[in-house]
Amino acid sequence: MSVVSYELVGDIGVIRLNNPPVNALSHALRIGVQDAVSKAQDDSSLALVLICEGRTFIAGADISEFGKAPMMPSLPELLIDIESSKKPIIAAIHGTALGGGLETALACHYRCALPSAQVGLPEVKLGLLPGAGGTQRVPRLVGVKAALDLITSGTPIAASKALSIGLIDKVVDGDLLSGALEFAKEVIEQGATLKKISDLEVEKQGDSPEFFSELFAEWRITLSKRYRGQEAPQRIVDCIEAAVNKPFNEGLKIERELFMECMQSSQSAALRHLFFAERMSSKVNGLPKDTQLKDIKRVGIIGGGTMGGGIAMNFVNVGIPVTLLEINDEALQRGKDIIAKNYAITVSKGKLSAELADERQGMITGTTDYNELANMDLVIEAVFENLDIKKQVFKKLDAVCKQGAILATNTSYQDVDLIAQATSRPQDVIGLHFFSPANVMKLLEIVRGEHTSDQVLATSMAVAKSIKKVPALSRVCYGFIGNRMLRPYVRESQLCLLEGSTPQAIDSVMQRFGMAMGPLAVSDLAGIDIGYKAREGLSDEQKGDIRTYCIADALYEMGRLGQKTGAGFYQYDPNTRQRIPDPKVLEVIEEQAEKRGVERKDILDHTILQRLTFALINEGFKILEEGIAQRPSDIDVVYVFGYGFPAYRGGPMFYADTIGLETVYKTICEFSKTYGEEFWQPAALLKQLVEEGKTLTQWANE
Ligand code: T1G
């Protein structure tokens with residue numbers, strides 16, 4: 001089936017694109033459009049309409065072609081053919097015209113769109129910049145500020161907004177093709193003018209010549225904060241600056257050079273990897289394609305604490321009513337107050353109307369009676385992180401819930417199989433591990449128990465997508481994927497403290513690496529009591545090497561639990577909550593080091609970085625070996641969407657490939673000699689891939 005067809009409708013030529021699923025600008029599509037435009041130059045048509053079949057106008061260049069040998073015509077070459085057409089070409093837009101799709105529409109002479117259409121340039125999210133004239137045409141059409149907003153945010157805008165800023169010429173109601181043909185006739189009647197954006201000048205705003213240089217300087221500072229450590233946003237400003245100061249073709253050349261620079265960067269490779277990883281993570285290896293999904297219309301949540309309240313919001317936000325169960329009315333009210341507070345914050349930020357916030361809260365019914373859960377399609381338990389309490393809850397659910405209801409636990413550590421055994425229906429039990437704050441964090445770890453049915457698993461994946469979460473499948477182990485990998489990462493941060501570093505030194509190393517927060521700041525945010533309580537009741541052997549938690553325990557016993565008590569590994573300003581290094585903490589560290597016979601000495605930043613990141617990576621390899629995670633990219637999804645790992649490094653496993661598995665392996669072998677084999681045993685899979693000379697990506701694609 002041809003991806004491009006052409007036909008004459010009266011005296012208008014219609015070029016139809018049909019390249020499912022999103023009409024990405026594949027090589028075949030580019031050739032097809034080029035042929036159609038060339039053919040139309042010599043026929044009886046007076047104007048042309050470019051329109052797409054399927055769910056959307058062109059959604060961009062074909063990302064799967066990136067990194068491969070370029071195939072002509074390149075997109076910029078095709079767009080020059082379009083713009084050079086002797087006959088006006090009208091782009092007819094529906095769905096989302098994104099990236100190269102919008103750039104194609106901008107090379108056309110006119111643009112019309114359905115009211116529901118959106119247009120945008122999301123390249124920055126892939127570590128790129130619009131590489132087919134977008135940075136040169138948009139400023140000429142809508143001005144520099146609107147161009148900076150659109151291109152550096154990467155966020156699509158609605159057709160109405162695009163019309164108001166001049167990015168499109170007309171919004172057409174009803175049938176798109178009919179509307180576009182009507183518009184083409186108007187264009188012909190008005191003389192079929194070839195409106196080429198490349199002929200326009202960028203509107204000079206402001207009166208002083210340094211107006212733009214000051215504007216660009218401000219934007220560079222803003223973007224360096226918003227996209228900490230990322231190159232592409234800065235290159236976008238360079239391109240728009242070229243659009244202001246240089247003729248179109250010179251600006252185009254600069255754009256092309258900087259685009260290729262971004263395309264070849266490891267940051268873009270990482271972000272493109274994550275684009276596909278995020279879509280792959282909802283696919284379950286070996287799950288029959290025709291697995292029937294359960295209908296999830298009513299959700300019950302047990303526990304109205306921070307987690308339960310946040311989880312409830314995810315469902316009412318997409319119109320699924322929730323029954324929230326607590327042990328008594330006071331607890332229930334507290335739960336509702338948490339939800340109300342969360343919504344009030346969103347409303348105060350202008351991200352949601354007060355009416356909609358009220359409407360959503362109105363979809364939450366409170367109860368203290370388990371029988372109210374009898375007709376729920378899905379029940380999610382979010383009670384205290386204690387196995388016995390969870391087992392009691394599931395025993396009650398087993399007694400009251402209808403047959404076929406999915407019974408999910410939000411546990412972050414407990415054994416889902418042991419919880420399932422508390423019921424007569426282990427096939428209906430699954431782990432849905434949300435991350436705090438549950439109404440914000442995108443990651444949802446889905447934990448498959450030994451007996452979890454395909455149907456329950458497939459439905460859980462679909463539920464994750466419907467509540468706009470990024471799912472990652474895990475088998476049962478202590479901590480599943482994310483928290484299991486967090487243990488050696490935290491272990492190394494504690495050992496580095498004891499052996500000579502400080503909270504601020506370790507945290508700044510990890511923040512410079514790109515982590516949203518360093519491990520000690522995270523510990524203060526979550527609460528030092530979490531770890532302390534998790535260790536309570538464990539034997540010394542189960543607790544592990546005391547050096548890895550003695551400092552935290554000493555701080556806990558001093559009542560320093562972190563942000564919640566105003567002090568933990570840091571002191572916190574009571575008004576601004578700003579983190580302040582605290583000499584008292586250094587005293588605690590030195591005291592513990594002396595007690596443990598550890599002689600403290602400086603640790604290089606590079607060593608801190610390798611110890612923490614390689615501990616993470618090595619555990620990731622073990623998780624893959626054991627079949628806990630399906631694929632390396634799922635682990636990347638967990639760490640980027642759940643733990644603040646820098647997206648422009650692709651996640652811990654992609655990062656391992658970037659720096660080279662041999663480097664990782666050899667360094668871990670060194671660490672094993674320096675710090676002992678107890679903590680530093682290279683994973684067998686890591687050793688195997690180094691011996692075979694394979695990358696993790698190659699192994700995953702075998
Ligand atoms: N290239 C290749 N495949 C793509 C694709 C693309 N641009 N966009 C989506 N897909 C695949 C995706 O992998 C999935 O495949 C299927 O389509 C459905 O996607 C020169 C250089 C359009 C809003 O960044 O934002 O143009 O898993 O699950 O939720 O300046 O896809 O089914 O096998 O996301 O309905 C710029 C990226 C490229 C847009 C639809 N464009 N795509 O969302 O479906 S760079 C983008 C999206 C560029 C130029 C530059 C979304 C969507 P599979 P989906 P969706």
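All values reported here derive from a predicted model rather than from experimental measurement. Indexing begins at 1, ligand by ligand and atom by atom, following the structure's order. Heads up: numbering here begins at 1 and tracks the sequence. Scope of the values below: all heavy atoms of this structure, side chains included, with no hydrogens, waters or symmetry mates.
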Any N/O of [X] closer than 3.5 Å to an N/O of ligand 1?
X: L98; answer: no
X: R279; answer: yes
X: G131; answer: yes
X: L75; answer: no
X: G100; answer: yes
X: S64; answer: no
X: K465; answer: no

Q) Is NZ or CZ of R279 both nearer than 6.0 Å to the six-membered ring centre of F275 and within 45° of the ring axis? A)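 Flagged: R279 positioned over aromatic ring of F275.
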Does [X] reach ligand 1, in the sense of a heavy atom lying below 4.0 Å from it?
X: G134; answer: no
X: M263; answer: no
X: M280; answer: no

Q. Quick one: are the ring centres of F513 and F645 less than 6.0 Å apart?
A.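 When the ring centroids of F513 and F645 are compared, they turn out to be within the sub-6.0 Å range.
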Q | Shortest reach to atom 46 (C) of ligand 1 by a heavy atom, considering only S282, G99, A59 | A |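 It is A59 whose heavy atom sits nearest to atom 46 (C) of ligand 1.
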Q. Any sub-3.5 Å donor-acceptor pair from Q267's side-chain atoms to E231's backbone N or O?
A.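 Yes.
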Q: Can you label the angle between the Y643 ring and the Y639 ring as parallel, tilted or perpendicular, going by 30° and 60°?
A: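 The arrangement is parallel - the two ring planes meet at less than 30°.
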